[in-house]
Amino acid sequence: MLFPQQLIDGYRAFLIGRLRHEQDRYLGLAESGQSPQIMVIGCCDSRVSPEVIFDARPGELFVVRNIGNLVPPYSPDGAQRAVSAALEFAVQALKVKHIVVLGHAQCGGIRAFAEETEPLSSGDFIGHWMALIAPAAAAVGPRGDRPLGHYLTQLEQASVVKTLDNLMTFPWIKTLVEHGSLTLHAAYFGVATGQLSVRDPTAGKFVQVAADDYTRLFAQPRF
Ligand SMILES: [Zn+2]
């Protein structure tokens with residue numbers, strides 16, 4: 001069989017582990033349908049799985065992933081828009097209470113934009129897609145003499161904030177946010193550190209969450 005052995009082994013582990021423990025939950029979700037309260041918009045990056053980072057059980061997170069965790073502005077133009085369709089279902093049908101945009105460190109999409117990487121194919125799909133962050137890049141300003149890593153972090157975080165602005169261009173999202181029945185959040189995951197930060201909209205900056213547990217767990221060198 002050409003199906004990857006790694007996936008078969010993983011599925012076996014799922015069968016005897018998670019499925020055995022959560023069979024009732026799966027059955028219940030199959031009968032009653034899903035009703036997640038939280039939507040997460042994350043990056044395709046294999047290191048940044050929302051279900052893993054948030055230790056989520058089946059049915060808890062409605063997840064959309066794309067290169068750079070982006071949301072194009074509202075454009076009801078009849079084009080086939082995957083993110084808009086997912087937002088429509090999450091907000092209008094599932095009536096999620098929260099939308100979390102989860103950015104991350106070492107994002108290849110953000111780096112490709114910043115370094116004006118050559119297209120990987122003649123379609124330049126990544127280039128066209130990542131052009132969405134141009135307003136965030138303008139807000140961050142030219143790199144100047146900033147170290148590349150520092151600049152990329154600023155761009156990654158500015159892009160998440162800009163994505164919240166783009167979410168607000170959807171009229172039904174804007175209405176619900178203004179009525180207080182939907183809340184938008186900007187979050188940022190440090191791949192190397194495992195630190196999660198959430199933007200405090202009042203202070204206008206990202207603040208580490210669960211910092212006390214993080215410090216306690218990682219106070220000692222791990223290696
Ligand atoms: Zn990424």
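Ligands are counted one by one from 1 in listed order, and the atoms in each one are counted from 1 as well. Here the structure is a predicted model, which is why all the values come from computation and not from measurement.
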Query raised in the report: What does the angle at the Zn ion (ligand 1) come to, between atom SG of Cys43 and atom SG of Cys107, rounded to 10°?
Result: 130°
Query raised in the report: In terms of side-chain heavy atoms, does Arg146 have a donor or acceptor partner in Gln154 at a distance below 3.5 Å?
Result: yes
Query raised in the report: Can you tell me if Glu31 uses its side chain to pair, donor with acceptor, with the backbone of Gly28 under 3.5 Å?
Result: no
**Report entry** Geometric class of the Phe89/Phe62 ring pair [parallel <30°, tilted 30-60°, perpendicular >60°]
**Finding:** tilted
Query raised in the report: Just by distance, with hydrogens left out, do Tyr188 and Glu156 show a side-chain donor and acceptor under 3.5 Å apart?
Result: yes
Query raised in the report: Of all the N, O or S atoms in His104, which one sits nearest to the Zn ion (ligand 1)?
Result: NE2
Report task. Examine Cys44 and say whether one of its N/O/S atoms is closer to the Zn ion (ligand 1) than 2.8 Å. Result -> no
